[in-house]
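Nothing fancy with the numbering, it's 1 onward along the sequence. Computation of the quantities below employed the complete heavy-atom set of this structure, encompassing side-chain atoms and omitting hydrogens, waters and symmetry-equivalent molecules. It should be emphasised that the depicted structure is a prediction, and the values quoted were computed from it without experimental measurement.
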Amino acid sequence: MKLKTILTVVFFTISFIGFSQSNCTTLKGCERKLCELNTKLVAAKKAGNQNQIKGVEEAIAQTKKNCTTKTVNKDLDKKVKEKQQKVNERTADLNEAIKDKESKEKIDKKRKKLNEAKADLNKALAEQKTK
């Protein structure tokens, strides 16, 4: 029982130390997730957005209660799959536009959206590698 209490205190201490960092990328797992949520909380407080503050505070409480390495990995895997699906959709849209000989402007717009989706996917993959 004492060990569990000590570990809990250490975990939250590390988490709060992580909160003070402006860059959460050096952290991993639950500590990183809590750091990122705290960054969002600070921004919401600066903006005075009460609904967002409440939502982020609830997310922090749930993360403290439920976060494990497994849940973090599962969330990152889900994010990567979603980003990959978006790339696939954008690729199909672009290919269809080319096939249908749409205007250069429409093709360029679809190409730009595809590039943005690829950038989002690459960001999610990089995040997944640092889990």
Side-chain angles (χ1 to χ4, degrees):
M1 183 70 167
K2 286 185 180 184
L3 180 60
K4 185 177 180 180
T5 304
I6 291 170
L7 290 175
T8 302
V9 170
V10 169
F11 172 75
F12 288 122
T13 301
I14 291 170
S15 297
F16 287 116
I17 289 169
F19 288 161
S20 66
Q21 297 178 355
S22 62
N23 186 352
C24 302
T25 58
T26 59
L27 301 173
K28 294 188 181 225
C30 297
E31 290 84 12
R32 182 177 185 163
K33 193 170 187 176
L34 285 168
C35 179
E36 290 169 350
L37 286 169
N38 188 60
T39 302
K40 288 181 182 181
L41 180 61
V42 169
K45 285 182 177 180
K46 279 185 179 179
N49 186 334
Q50 294 302 315
N51 290 331
Q52 189 176 16
I53 291 170
K54 184 178 177 183
V56 174
E57 286 175 342
E58 288 174 13
I60 290 171
Q62 288 299 315
T63 300
K64 286 179 181 177
K65 182 178 175 184
N66 300 320
C67 188
T68 64
T69 301
K70 185 177 180 179
T71 60
V72 171
N73 292 344
K74 184 179 175 184
D75 289 346
L76 289 172
D77 292 344
K78 180 181 176 186
K79 186 176 182 179
V80 167
K81 285 180 184 176
E82 289 172 354
K83 300 298 182 184
Q84 182 61 58
Q85 179 62 33
K86 185 59 84 175
V87 168
N88 293 344
E89 290 172 9
R90 299 288 189 206
T91 301
D93 288 347
L94 176 60
N95 290 337
E96 188 174 329
I98 292 169
K99 179 184 156 203
D100 293 345
K101 298 180 182 179
E102 291 185 13
S103 70
K104 182 184 180 324
E105 292 81 21
K106 286 186 179 183
I107 291 173
D108 288 345
K109 185 176 178 181
K110 290 177 189 280
R111 186 171 284 123
K112 181 180 176 189
K113 286 186 176 188
L114 173 59
N115 290 336
E116 289 170 357
K118 285 180 179 179
D120 289 345
L121 173 60
N122 289 334
K123 183 179 174 184
L125 287 168
E127 196 175 326
Q128 187 182 42
K129 287 180 184 177
T130 62
K131 59 181 168 183

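Hydrophobic clustering, with ILVMFWY side chains joined whenever heavy atoms are under 4.5 angstrom apart, keeps L27 apart from V42. In this structure, L114 is a member of the same hydrophobic cluster as I98, with clusters built from ILVMFWY side-chain heavy atoms closer than 4.5 Å.
Considering only heavy atoms from C-beta on, K112 comes within 4.5 Å of E116 through its side chain. Using a 4.5 Å cut-off on side-chain heavy atoms (C-beta onward), N66 and T71 make no contact. Residues L34 and C67 fail the side-chain proximity criterion, which asks for heavy atoms closer than 4.5 Å. No side-chain heavy atom of L121 sits less than 4.5 Å from a side-chain heavy atom of K86.
For the atom pair E58 CD and I53 CD1, the distance stands at 12.5 Å (nearest 0.5 Å). Rounding to the nearest 0.5 Å places CD of E89 at 14.0 Å from CG of L94. Here the NZ-CD distance, from K45 to Q50, works out to 9.5 Å after rounding to the nearest 0.5 Å. Separating the NZ atom in K118 from the NZ atom in K113 is a distance of 16.0 Å, to the nearest 0.5 Å. Rounded to the nearest 0.5 angstrom, K110 NZ and N95 CG are separated by 11.0 Å. Atom CG in N49 sits 13.0 Å away from atom NZ in K40 (nearest 0.5 Å).
A salt bridge links D108 with R111: the distance from a Lys NZ or Arg NE/NH1/NH2 to an Asp or Glu carboxylate oxygen falls below 4.0 Å. Ion pairing of E36 with R32 is present here, as a side-chain N (NZ or NE/NH1/NH2) and a carboxylate O approach within less than 4.0 Å.
Shortest non-hydrogen contact noted between V72 and G29 is CG2-C, 3.9 Å. For the pair T63 and L37, the tightest heavy-atom approach, listed with the atom from each and the gap, is OG1-CD1, 3.3 Å. Among all heavy-atom pairs drawn from V80 and A124, the shortest one is CG2-O, 3.7 Å. Across every non-hydrogen atom of C30 and T69, the tightest pair is SG-N, 4.4 Å.
The side chain to side chain donor-acceptor pair (under 3.5 Å) check on E96 picks up nothing, with sequence neighbours excluded. Applying the side-chain contact (heavy atoms from CB on, under 4.5 Å) rule to K81 yields no partners; only residues at least two apart in sequence or on another chain are considered.
In summary, of the residues considered (Q128, K33, K70), a side-chain hydrogen bond (donor to acceptor under 3.5 Å, both in side chains) with D75 occurs for K33 alone.
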